[in-house]
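See below for the structure under consideration.
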Amino acid sequence: MSATFDAIVIGAGQAGPALVGRLAAAGMTVAMVERHLFGGTCVNTGCTPTKTLVASAEVAYQARRAAEYGVRIDGGISVDMSAVKTRKDKIVATSRDGIETWLGNLKRCTVFKGHARFESAQEVRVGDDLLRAKQIFLNVGGRAVLPDLPGVGRVPTLNNTSILELDILPKHLVVVGGSYVGLEFAQVYRRFGSTVTVIEKGPRLVSREDEDVSTAIEAIFAAEGITVRTSAECIHFDKRDDQIVAGVECTTGDPEVLGSHVLLAVGRRPNTDDLGLDRAGVAVDDRGYIKVDDKLQTNVPGIWALGDCNGRGAFTHTAYNDFEIIAGNLLNGETRRVTDRILCYGLFVDPPLGRVGMTEKEARASGRKIRVGKRPMTRVNRAVEKGESQGFMKVVVDADTREILGAAILGVGGDEAVHGILDTMAAKAPFTTLQHAVHIHPTVSELIPTILGELVP
Ligand SMILES: Cc1cc2nc3c(=O)[nH]c(=O)nc-3n(C[C@H](O)[C@H](O)[C@H](O)COP(=O)(O)OP(=O)(O)OC[C@H]3O[C@@H](n4cnc5c(N)ncnc54)[C@H](O)[C@@H]3O)c2cc1C
């Protein structure tokens with residue numbers, strides 16, 4: 001069939017469904033196209049399933065530490081991987097089905113299941129259907145990169161999607177990539193009971209963070225028995241009997257790691273290579289990300305790109321904010337821009353890292369006169385009381401303008417506590433506003449005003 005709508009939204013990820021809801025509520029007819037799983041990466045193979053695994057792993061970890069808290073568990077502690085997966089699948093399915101059902105029942109919205117490709121700047125083909133609209137919104141997301149490492153095709157490997165289908169415990173999980181995705185899986189599987197080795201090409205883990213963050217995460221991992229191999233110059237793979245050999249050639253240590261499973265977590269790429277963008281004339285950059293302006297408009301009038309596929313954010317909250325920017329500008333008469341948002345994200349190892357704004361290194365490199373407040377979690381009462389005093393909290397401020405430039409809280413509750421700092425930055429208030437606030441005792445957040453009173457160059 002061929003049909004004309006007011007708008008077409010391609011991809012039911014983190015921005016698309018919300019946008020469909022707003023457009024339909026504004027009286028527009030909308031075609032929503034999804035080729036695979038409603039909810040996209042976050043719901044099906046990203047945030048939701050990984051955080052359910054992190055939760056299961058934390059319970060296993062704390063159960064093993066029970067005696068430290070004076071709690072006796074009679075009998076051993078074991079992890080039922082099949083039950084862990086069932087719990088994860090149930091939470092994911094509830095979320096995915098909720099989105100699909102909601103879209104299916106939405107007035108003025110027609111759902112098309114299939115792969116969408118442009119035929120022209122105002123035409124999209126989905127199987128036998130040709131859809132037309134003057135406004136087209138792309139929310140196609142991304143997928144894991146399969147790196148071109150020697151031997152990669154000769155051994156079975158996992159990515160963030162396939163590892164989530166495991167219901168057995170890998171004997172030895174080798175995680176290639178010491179960044180956000182790899183580190184979460186590494187700690188989760190160690191806590192479930194696997195031997196885990198993380199192989200990282202660079203000289204330290206999460207190299208985008210400050211060095212003190214990388215060092216503290218390495219210490220947390222070492223304490224849990226995770227082996228970290230950095231400066232792995234020449235990663236390659238082979239089979240040996242029933243094992244997988246990962247050649248690493250690090251500067252120190254064994255040049256080979258023998259594992260039962262390999263997870264490749266070395267980055268993501270946008271789903272823009274099979275979208276027919278050339279037929280619509282939509283420009284991409286050299287990595288395939290759709291080029292957009294500050295209001296997420298592509299180079300073709302009437303076509304916008306939201307979420308991971310525009311390269312302007314790599315998180316669920318940035319994808320959702322893209323929806324808010326477009327809805328605000330098109331439907332509310334607002335002027336909202338991508339550059340108004342403050343960088344923030346979490347790394348959900350345990351204890352988690354909450355991050356906002358610049359790193360200390362970036363702030364120093366910017367040439368500003370900066371002041372830094374820092375305190376180890378061993379000097380945060382609540383962390384000590386909880387028996388979880390690994391990590392530290394750090395805030396960076398501009399000595400001249402008094403604005404907060406950035407913060408890192410690696411510690412229990414760090415992913416939540418960092419929001420007080422984020423909100424102060426969003427309010428464009430000076431750091432003294434937060435310093436003079438009275439926070440609840442005993443919390444991790446209560447130490448933020450304190451460290452703002454202890455700033456040093
Ligand atoms: C393991 C992992 C853990 C993560 N954890 C977090 C986290 O804790 N917090 C966080 O903020 N972010 C996290 N992320 C990142 C987060 O998942 C993404 O940033 C977010 O999902 C991006 O949303 P999106 O809407 O841009 O795209 P996606 O969620 O990827 O959705 C895109 C959708 O478009 C569909 N699609 C693609 N091409 C077509 C086509 N041609 N036709 C029709 N449909 C199409 C896809 O099937 C998909 O459903 C994680 C990612 C991974 C991989």
Side-chain angles (χ1 to χ4, degrees), residues 8-20 31-55 88 92 95-96 99-100 103 111-118 124-127 129 131 136-145 158-164 175 177 179-186 188 263-277 280 288-290 292 296 305-323 326 343-349 352-355 415:
I8 300 170
V9 176
I10 303 178
Q14 293 307 300
L19 183 62
V20 170
M32 164 88 252
V33 191
E34 170 55 52
R35 70 176 177 189
H36 190 36
L37 299 174
F38 286 76
T41 305
C42 182
V43 167
N44 297 287
T45 58
C47 332
T48 304
T50 55
K51 268 76 240 176
T52 67
L53 295 187
V54 167
K88 182 265 294 176
V92 168
S95 188
R96 179 178 56 232
I99 297 168
E100 185 167 359
L103 283 168
V111 173
F112 292 85
K113 293 185 182 175
H115 185 106
R117 282 183 197 87
F118 279 101
V124 169
R125 177 164 296 283
V126 185
D129 297 321
L131 317 179
I136 300 180
F137 302 91
L138 308 174
N139 177 221
V140 292
R143 61 186 188 272
V145 162
L158 299 162
N159 60 21
N160 69 286
T161 302
S162 50
I163 195 171
L164 291 167
V175 177
S179 204
Y180 308 89
V181 170
L183 295 188
E184 290 183 17
F185 280 115
V188 158
L263 168 67
L264 298 174
V266 295
R268 303 197 43 91
R269 57 177 292 192
N271 290 326
T272 54
D273 44 334
D274 191 15
L275 196 51
L277 287 175
Y289 289 98
I290 298 170
V292 289
L296 303 170
L306 307 83
D308 283 12
C309 68
N310 65 25
R312 303 292 292 266
F315 305 102
T316 283
H317 45 277
T318 49
Y320 191 80
N321 182 237
D322 284 358
F323 143 67
I326 288 185
L343 176 74
C344 62
Y345 52 88
L347 164 57
F348 297 93
V349 290
L353 170 71
R355 273 273 299 116
D415 49 343

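Atoms within each ligand, like the ligands themselves, are counted from 1 in listed order. Computed over heavy atoms, backbone and side chain alike; hydrogens, waters and symmetry mates excluded.
Considering V140, L275, D322 as possible partners of C309, the one that fulfils the side chain to side chain contact (heavy atoms under 4.5 Å, CB included) test is V140. Of the residues listed (V20, L19, L296), the one engaging F137 in a side chain to side chain contact (heavy atoms under 4.5 Å, CB included) is L19, and it is the only one. The only member of V181, L263, L264 that meets side chain to side chain contact (heavy atoms under 4.5 Å, CB included) when paired with I163 is L263.
Those atoms of ligand 1 that come under 4.0 Å of a heavy atom in G142, given as number and element, are 30 (O). Set against the non-hydrogen atoms of G141, the atoms of ligand 1 under 4.0 Å away are 26 (O), 27 (O), 28 (P), 30 (O), 32 (C). Short contacts between ligand 1 and H317, defined as distances under 4.0 Å to a heavy atom of the residue, involve ligand atoms 11 (O). Close approach of ligand 1 to T50 is summarised as follows: ligand atoms under 4.0 Å from at least one heavy atom of the residue are 1 (C), 3 (C). Those atoms of ligand 1 with a heavy atom of L37 less than 4.0 angstrom away are 49 (O). Within the listing of ligand 1, atoms 1 (C), 53 (C) sit less than 4.0 angstrom from a heavy atom of N160. Shown in contact with L275 at under 4.0 Å from a heavy atom are these atoms of ligand 1, numbered in order with element: 41 (N). Atoms of ligand 1 lying under 4.0 Å from at least one heavy atom of T45, given by number and element, are 1 (C).
Using a 4.5 Å cut-off on side-chain heavy atoms (C-beta onward), T318 and L343 make no contact. Side-chain contact between D129 and F112 is present, with heavy atoms from C-beta onward closer than 4.5 Å.
Polar contact check, C42 against ligand 1: a nitrogen or oxygen pair lies under 3.5 Å apart. For a threshold of 3.5 Å applied to N or O pairs, the pair formed by R268 and ligand 1 contains no separation below that value. Inclusion of R35 in the set of residues having an N or O under 3.5 Å from an N or O of ligand 1 is warranted. When only interatomic distances are considered, the shortest N/O to N/O separation between A116 and ligand 1 falls below 3.5 Å. Residue contacts with ligand 1: F315 is placed with a nitrogen or oxygen under 3.5 Å of a nitrogen or oxygen of the ligand (distance criterion only). In terms of polar-atom proximity, defined here as any N/O pair under 3.5 Å, T316 does make such a contact with ligand 1.
Side-chain contact annotation: S162 with N159, donor-acceptor N/O pair under 3.5 Å present. In this model, a donor atom of one side chain and an acceptor atom of the other lie less than 3.5 Å apart for N160 and R268.
Among all protein heavy atoms, the one lying closest to atom 31 (O) of ligand 1 is G13 CA, 3.2 Å. Of the protein's non-hydrogen atoms, C47 SG, 3.4 Å is the one closest to atom 6 (C) of ligand 1. Given atom 24 (P) of ligand 1, the protein heavy atom at minimum distance is N139 ND2, 3.5 Å. Among all protein heavy atoms, the one lying closest to atom 48 (C) of ligand 1 is E34 OE1, 3.5 Å. The protein atom (non-hydrogen) at minimum distance from atom 8 (O) of ligand 1 is K51 NZ, 2.8 Å. In terms of protein heavy-atom proximity, atom 26 (O) of ligand 1 is nearest to D308 N, 2.7 Å. Looking from atom 30 (O) of ligand 1 to the surrounding protein, the closest heavy atom is T41 OG1, 2.5 Å. The protein atom (non-hydrogen) at minimum distance from atom 15 (C) of ligand 1 is A314 O, 3.6 Å.
Nearest-residue assignment for atom 23 (O) of ligand 1 (options Q14, H36, H115; heavy-atom criterion): Q14.
Residue G114 places a heavy atom less than 4.0 Å from ligand 1.
With sequence neighbours excluded, the residues satisfying ring-ring contact (aromatic ring centres under 6.0 Å, His included) with F315 are H317, Y345.
A distance of 4.0 Å separates NE2 of H115 from CZ of R117, quoted to the nearest 0.5 Å. The distance from atom CG of L103 to atom CE of M32, rounded to the nearest 0.5 Å, is 6.5 Å. Atom CD of residue E184 and atom CG of residue L347 lie 5.5 Å apart, to the nearest 0.5 angstrom.
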Which atom pairs, one a donor and one an acceptor, fall under 3.5 Å between side chains of residues 38-50 and the rest of the protein, sequence neighbours left out?
{"residue": "N44", "atom": "OD1", "partner": "R96", "partner atom": "NH1", "Å": "2.7"}
{"residue": "N44", "atom": "ND2", "partner": "F38", "partner atom": "O", "Å": "3.1"}
{"residue": "N44", "atom": "ND2", "partner": "G40", "partner atom": "O", "Å": "2.8"}
{"residue": "T50", "atom": "OG1", "partner": "G46", "partner atom": "O", "Å": "2.7"}
{"residue": "T50", "atom": "OG1", "partner": "C47", "partner atom": "O", "Å": "3.0"}

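Shortest non-hydrogen contact noted between N139 and G13 is OD1-N, 3.1 Å.
Contact annotation: for V140 versus ligand 1, heavy atoms closer than 4.0 Å belong to both the backbone and the side chain. Residue-level proximity to ligand 1 for V43 is absent, since no heavy atom of it falls below 4.0 angstrom. Of all the heavy atoms of F348, the ones lying under 4.0 Å from any atom of ligand 1 belong exclusively to the side chain.
Taking the charged nitrogens against the carboxylate oxygens, R143 and D273 do have a contact shorter than 4.0 Å, which makes a salt bridge. For D308 and R312, the salt-bridge test fails: no basic side-chain N is under 4.0 Å from an acidic carboxylate O.
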Q: Begin with the C-alpha distance, continue with both residues' side-chain angles, and end with the deciding distance and a verdict on side-chain contact (heavy atoms from CB on, under 4.5 Å) for Y289 and T272.
A: CA-CA 7 Å; Y289 289 98; T272 54; over 6 Å; no
